[in-house]
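Notes for the one structure printed next.
So you know, we letter chains A, B, ... as the sequences are listed, proteins then strands, and number each from 1. Please read these numbers as outputs of a predicted model, since none were measured by experiment.
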2 protein chains.
Amino acid sequence: MGVFSKTCEYAMRAVFFIAHRTTAGERVGIREIAAGIDSPEAFLAKIMQDLTRRGIVNSIKGPNGGFYMDAASLKKPLSEVVLAVDGDGIFVGCGMGLEYCSAVNPCPLHNEFMEIRTRIQKMMQENTIGDFNEELNLGILSLKK
Amino acid sequence: MGVFSKTCEYAMRAVFFIAHRTTAGERVGIREIAAGIDSPEAFLAKIMQDLTRRGIVNSIKGPNGGFYMDAASLKKPLSEVVLAVDGDGIFVGCGMGLEYCSAVNPCPLHNEFMEIRTRIQKMMQENTIGDFNEELNLGILSLKK
DNA sequence: ATAATAAAAGATATATTTGTCTTTTATTTA
DNA sequence: TAAATAAAAGACAAATATATCTTTTATTAT
Ligand code: FES
Ligand code: FES
């Protein structure tokens, strides 16, 4: 287990990959995305269906079709991807699995964990998909292996 | 999904509960632990078997038997519980699921995620089970609901 | 219109996590 | 020694996450 589910990890990598590969209306196919982020193609296809339904990425069928992101999508914070796939558990949940996290009924990790959780939330909310993309464009960042 | 597996969450809560309930050679039974941390008894029993085999807690069978922790166990960092149950993934793994996390092949989250991960590691390594127990003894902390 | 392309949808399969039940072993008490 | 107690061990079951395969729908190009 990690901070995010495997499904969510694939989703984030795919979204970055699409953002990176599609400027000005270009599209990228599922096969290429899967190869680019090192994920099982059919499984990723399912994940993409979900992201598309939720409007996080856009898609067009048929020849020259594929996935792409418009300007509005690039302005969305990465947290939207996480929320869509994993829900808000990582942003609001108790570190030790108590039903609710609250200062009224705090678990032993509460104080420390709150700060960590806030930090995760910040990283996800204050950076847009487009922000990450700019760094990716510098060519030093990786989405596979 | 959270930062830790459900199994690990139960394990941490159980260890705290035992530390809290057993001073000077007293023991506490699995039923009482399960009730005290709000977990399924039979499942927790399995988790405890593992923790016992790994020497994180101690146990004695038969009447007046149960689980307990000696002074040495209380001095162990909480990270030992996490390592025993979930492995080191949360301490060393890549936030986006790349096979290895490294500065040589960094994912887009790498810099930010490294700091978060280090923070988690610190919380777990620099606090012993006994440390948490002292706070628990103040009676303001909770292990259930 | 037809054929080709590519995503969407639906059904199914596998693996892992979470959870339960029964039997066995160790220990204590009577 | 016999009965009672409590954890250990092993087998089994359910739920969820991960993964694959087939069919359908939308779009494009011929
Ligand atoms: S109650 Fe556990 S993190 Fe807040
Ligand atoms: S490479 Fe992803 S966190 Fe370090």
side-chain contact (heavy atoms from CB on, under 4.5 Å) partner of S73(B), the single match among V57(B), I129(B), N58(B) | N58(B)
Are any side-chain N or O atoms of R31(B) and backbone N or O atoms of E41(B), one a donor and one an acceptor, separated by less than 3.5 Å?
-> no
Would you give a per-nucleotide map of nucleotides 10-20 of chain C, 5' to 3', where B means the base has a protein non-hydrogen atom under 4.0 Å away, S means only the sugar-phosphate does, and - means neither?
-> BB------SBB
L51(A) atom CG is separated from dA8(C) atom P, nearest whole Å, by 10 Å
Between dT20(D) (C1') and I47(A) (CD1): distance, integer Å = 13 Å
Distance-only, no hydrogens or angles: does the R27(B) side chain make a donor-acceptor pair with backbone N or O of F67(B) under 3.5 Å?
-> no
Indicate yes or no for a side-chain donor-acceptor contact from R13(B) to the backbone of M96(A) under 3.5 Å, with no hydrogens or angles considered.
-> yes
Can you measure from OG1 (T128(B)) to CG (L74(B)) and round to the nearest 0.5 angstrom?
-> 7.5 Å
Donor-acceptor under 3.5 Å (N105(A) side chain, K145(B) main chain) | yes
Taking only residues two or more places apart in sequence or in another chain, which ones pass salt bridge (Lys or Arg N to Asp or Glu O under 4.0 Å) with R21(B)?
-> E32(B)
Once you round it to whole Å, what is the distance between C1' of dA7(C) and CD1 of I18(A)?
-> 12 Å
Here the distance between atom C1' of dT18(D) and atom CG of D38(A), to the nearest Å, is 16 Å
Whole-Å gap separating C1' (dA8(C)) and CE (M48(A)) | 12 Å
Below 3.5 Å between N/O atoms, which protein atoms pair up with nucleotides 13-16 of chain D? Just atom names and distances, please.
none

Ignoring hydrogens and geometry, is there a side-chain-to-backbone donor-acceptor pair from D86(A) to S5(A) under 3.5 Å?
-> yes
When the ring planes of F43(A) and Y10(A) are compared, do they come out parallel, tilted or perpendicular, using 30° and 60° as the limits?
-> perpendicular
Hey, could you give me each pair passing salt bridge (charged side-chain N to carboxylate O under 4.0 Å, His left out) that has a residue in residues 45-59 of chain B? Not counting sequence neighbours.
-> D50(B)-R53(B), D50(B)-R54(B)
Hey, can you pull the residues of residues 54-70 of chain B with a non-hydrogen atom under 4.0 angstrom from DNA chain C?
-> K61(B), G62(B), P63(B), N64(B)
Would you tell me if any nitrogen or oxygen in the side chain of T52(A) comes within less than 4.0 Å of OP1 or OP2 on dA7(C)?
-> no
Heavy-atom side-chain proximity of L98(B) to H110(B) below 4.5 angstrom | no
How many angstroms lie between CD in E126(B) and OG in S79(B), if you round to the nearest 0.5 Å?
-> 10.0 Å
Quick one: is R53(A) getting a side-chain N or O under 4.0 Å of the dA9(C) phosphate, OP1 or OP2?
-> yes
For residues 80-89 of chain A, which residues have at least one heavy atom under 4.0 Å from DNA chain C?
-> none
Measure the CD-CD1 distance between Q125(B) and I120(B) for me, rounded to the nearest 0.5 Å.
-> 12.0 Å
